[in-house]
Q: 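Got a structure for you, written out below as structure tokens; questions coming shortly.
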Amino acid sequence: MNSASSRSAHIVLIGMMGVGKSTVGRRVARELSRPFVDSDDEVVARTGRAVAEIFATDGEPAFRAIEEEVMANLLASQTPSVIAAAGGSVLSSSTRARLRESGTVVWMRAPVDVLVGRTSRGTHRPALANDPRATLTQMETDREALYGEVADITVDCTAPITAVVGAIVRSVNEVDAQ
Ligand code: S3P
């Protein structure tokens, strides 16, 4: 759990691919009049290359190293923001340590069936090229404890986006008021 003094800092959305971190994050940011940033977008901006291209050409460890640096920069920013942290960013222990100090961490959750549907669009998820259901199931098993380790709030994201945005804004306000 983060200290009360850090709560007014960033709101960081974590969770599996396809749970809606970017879509929901943009709306939460608008409601709270904060800037929105997405770690995958920052990787692309920094490298000038697509996520899928970095995976294919340099491999996953190279992508994770860039992701770790990008997350460190985003979390160090002095402007309280809403940050969508890509699904695998919690694999880094130093990112997890920084997340615990960064503000309010919201773990967005949804059943694998929902994630499969939502990840069927888009091209920045090379890990899901083969058998997305099996891959997402295994990833969730592998990462569940890591998400749980850093989360201040857990929000069920099965509902339509407007309801999820409302639930996150309410939860963050409740944590701030404590
Ligand atoms: C990944 C999640 C993706 C992207 C990459 C790997 C993961 O981001 O960084 O495809 O390992 O969970 P989103 O969570 O924004 O889809």
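Computed from heavy atoms alone, side chains included, the values below leave out hydrogens, waters and symmetry copies. Starting from 1, each residue takes its place in the sequence as its number. Just follow the structure's listing: the first ligand is 1, and inside any ligand the first atom is 1.
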Q: Output the distance between atom CG (Leu75) and atom CG (Asn73), rounded to the nearest 0.5 Å.
A: 9.0 Å
Q: Under 4.5 Å between side-chain heavy atoms, hopping through other hydrophobics if needed: is there a path connecting Ile153 to Met16?
A: yes
Q: Side-chain contact, heavy-atom cut-off 4.5 Å: Ile168 with Met108?
A: yes
Q: For ligand 1, list every N/O pair with the protein closer than 3.5 Å, one pair per line with the distance.
A:
| from | atom 1 | to | atom 2 | distance (Å) |
| --- | --- | --- | --- | --- |
| ligand 1 | 8 (O) | Asp40 | OD2 | 2.7 |
| ligand 1 | 9 (O) | Asp40 | OD1 | 2.7 |
| ligand 1 | 9 (O) | Asp40 | OD2 | 3.3 |
| ligand 1 | 10 (O) | His124 | O | 2.8 |
| ligand 1 | 11 (O) | Arg64 | NH2 | 2.7 |
| ligand 1 | 11 (O) | Arg143 | NH2 | 2.8 |
| ligand 1 | 12 (O) | Gly88 | N | 3.2 |
| ligand 1 | 12 (O) | Arg143 | NH1 | 2.7 |
| ligand 1 | 14 (O) | Lys21 | NZ | 2.8 |
| ligand 1 | 14 (O) | Gly87 | N | 2.8 |
| ligand 1 | 15 (O) | Asp40 | OD2 | 3.2 |
| ligand 1 | 16 (O) | His124 | NE2 | 3.3 |
| ligand 1 | 16 (O) | Arg125 | NE | 2.8 |
| ligand 1 | 16 (O) | Arg125 | NH2 | 3.2 |

Q: Salt bridge between Glu174 and Arg170, side-chain N to carboxylate O under 4.0 Å?
A: no
Q: Quick one, Ser39 and Ile83 - any side-chain contact, counting heavy atoms below 4.5 Å?
A: no
Q: Quick check: do Ser171 and Val155 have side-chain heavy atoms less than 4.5 Å from each other?
A: yes
